[in-house]
Q: 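Handing you this structure, nothing more for now.
Note that the structure is predicted; figures quoted are calculated from it, not measured. Excluded from the calculations below are hydrogen atoms, water molecules and symmetry mates; all remaining heavy atoms, backbone and side chain alike, are included. Naming: A, B, ... by sequence-line order, numbering from 1 per chain.
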Amino acid sequence: MIKDFLKTVFLVDLLSGASLTFRKTFSKTVTMHYPDKEKWIPYERFRGLHYQAVDENNELKCVACELCARICPAGVITIRAKEDEKGVRRPALYTMDLHRCAYCGLCEEVCPEDAIKHGAGYEFAGYKREDAVMTLEDLLKNEPNETDPEKMGTVSSARLIRKDGTLKIVADGKKRYRWW
Amino acid sequence: MLEALLANTLLIVVLKSIIAVLIIFALPLPFTWIERKIAGHIQQRPGPMRVGFHGILQPVADGIKLFLKEDIVPEKADKFLFKLAPIITLVPYVAIFVAIPVTDTIYVSNMNIGILYVLAIGGLSIYGLILGGWASNSKYALLGGMRASAQMISYEVAMGFAVIGVIMMAQSLNMQDIVRAQDGGILNWNIMPHKQLVAFFIFMVAGFAEANRIPFDLTECEGDLGCGFNTEYSGMRFAIFALGEYAAMFAISALAAVLFLGGWNSPFSFLDFIPGVVWFVIKLLFFVYLFMWFRFSWPRYRYDQLMTLGWKILIPLGVANVLITGFLLL
């Protein structure tokens with residue numbers, strides 16, 4: 001009772017709070033400097049921006065069977081098939097309207113050729129609606145997931161590149177650390 | 001000859017006032033950055049980092065943004081008072097600096113009733129908050145303005161009692177005489193326990209309330225009042241309110257430095273070679289840091305707790321302090 005009263009009079013609670021914040025003022029910050037200097041590399045299981053896989057001859061794996069377009073619950077994928085010069089069925093048009101995509105991973109699971117896959121990209125922001133509609137060329141450019149266990153789930157040093165009205169954050173991997 | 005001299009002194013006074021006002025208007029620019037940096041590091045994050053080196057140009061970017069914002073006056077507001085209120089808030093705190101002596105040579109005016117002038121002028125700024133809250137014609141703004149009036153009137157009394165103790169020690173209302181009475185090292189400062197430590201405590205608590213800073217920022221109280229008295233303000237008018245808050249913070253800090261930390265005096269005689277301006281600025285910055293540090297450490301007082309603290313603790317304590325000081329001086 002008297003102890004509590006003395007605590008109140010001499011502002012013990014307030015002063016202990018203030019001393020805590022004073023000590024924290026000079027401790028190391030825990031911020032990830034995301035767009036400017038650092039970027040987090042996702043794990044292999046991560047379901048990010050899709051990409052189209054190619055085989056060892058640098059040819060598309062996709063045979064335009066349209067299974068992914070059929071199983072997609074949101075109707076993201078549009079495919080038109082064609083026959084190429086070797087007589088193989090290939091996509092003439094393969095677009096994904098990622099506004100509607102829920103990144104559920106059904107397209108990747110159903111694909112018999114392991115052609116459409118989820119990658120590491122997680123920067124979806126764009127200046128126009130068309131930026132989120134991926135054509136076949138865009139899908140070929142998107143990066144696959146990191147498979148090296150040493151690099152997965154780390155924070156890598158990165159650079160923010162502004163070019164042609166778009167922003168790109170490129171991880172260069174010069175410095176790495178685990179954030180947690 | 002006489003006319004030339006008169007014109008000259010007038011010119012000097014005008015120049016001094018302009019310089020003082022420019023300093024007050026320029027100070028919030030670096031200090032918003034410093035405050036955000038302190039806030040960040042207390043919460044273990046770096047604060048502004050992207051505009052310029054470690055975000056040092058962030059206040060400039062914010063200033064440009066506020067200048068370019070649309071100036072919204074609510075349709076049902078009292079337009080004249082709405083536009084007048086931010087200025088009424090800012091001007092008294094700038095006017096306080098007229099009476100504050102930086103050193104015995106650097107000052108705008110050496111009034112023989114300096115401290116009385118400071119208390120009187122400082123009390124005026126409350127009208128800005130009340131009028132701003134009332135003229136907005138919004139319930140949140142009105143509640144903020146009401147709280148401002150109750151809070152600042154009750155804490156003005158406590159602050160007055162704290163200052164009376166200091167005046168009794170110096171036997172003068174002149175700010176320079178108050179500083180001279182604390183000459184000769186840290187033991188003669190009013191903050192020492194055998195001088196006016198209790199008055200210092202009352203003054204700082206009342207000062208936090210006068211400047212509307214946490215833990216007494218009930219006039220803003222964004223948790224339950226939107227943004228308090230300045231809910232309806234935007235753009236430059238909002239910036240002027242913020243400027244007034246910073247000016248109040250500096251005014252309270254400068255007053256505390258002059259009244260309790262011996263103004264331009266150095267704490268130890270072997271440090272006398274450092275000019276008085278430096279000591280004054282160090283003491284001012286110490287109090288400004290205190291304001292910012294406590295802002296991000298403490299929660300806000302509830303309204304009834306605030307009134308209890310003001311009327312039941314600080315004012316009786318202030319009266320007792322005045323009585324005991326007078327008894328000991330006899």
Q: More than 12 heavy atoms of other residues, nucleotides or ligands under 6.0 Å from OH of Tyr177(A): yes or no?
A: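 Buried by this count: over 12 neighbours within 6.0 Å.
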Q: For the residue pair Ser19(A) and Trp293(B), what are the closest heavy atoms and their distance?
A: N-CZ2, 4.3 Å
Q: Heavy-atom count around Lys24(A) NZ within 6.0 Å, excluding the residue itself: above 12?
A: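 Not buried by this count: 12 neighbours or fewer within 6.0 Å.
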Q: Kindly check if the number of other-residue, nucleotide or ligand heavy atoms within 6.0 Å of CZ (Arg89(A)) is above 12?
A: yes
Q: What are the two closest heavy atoms between Thr29(A) and Pro46(B), and how far apart are they?
A: CG2-N, 3.8 Å
Q: With Thr25(A), which of His41(B), Gln44(B), Gln43(B) fulfils side-chain contact (heavy atoms from CB on, under 4.5 Å)?
A: His41(B)
Q: Using non-hydrogen atoms and a 4.5 Å limit, figure out which bit of Phe296(B) sits close to chain A: side chain, backbone, both or neither.
A: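 Looking at Phe296(B), just its backbone touches chain A.
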Q: Using a cut-off of 6.0 Å, state whether more than 12 heavy atoms not belonging to Arg176(A) lie near its atom CZ.
A: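 Counting neighbours around CZ of Arg176(A), more than 12 heavy atoms of other residues, nucleotides or ligands fall under 6.0 Å, so yes.
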Q: How close do Ser297(B) and Gly17(A) get, heavy atom to heavy atom, and via which atoms?
A: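 The pair with the smallest heavy-atom distance is CB-O, 4.5 Å.
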Q: Within a reach of under 6.0 Å around CZ of Arg45(B), are more than 12 heavy atoms found that belong to other residues, nucleotides or ligands?
A: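 Enclosed: over 12 neighbouring heavy atoms sit under 6.0 Å from CZ of Arg45(B).
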Q: Do any N or O atoms from the side chain of Trp298(B) and from the backbone of Leu14(A) form a donor-acceptor pair under 3.5 angstrom?
A: yes
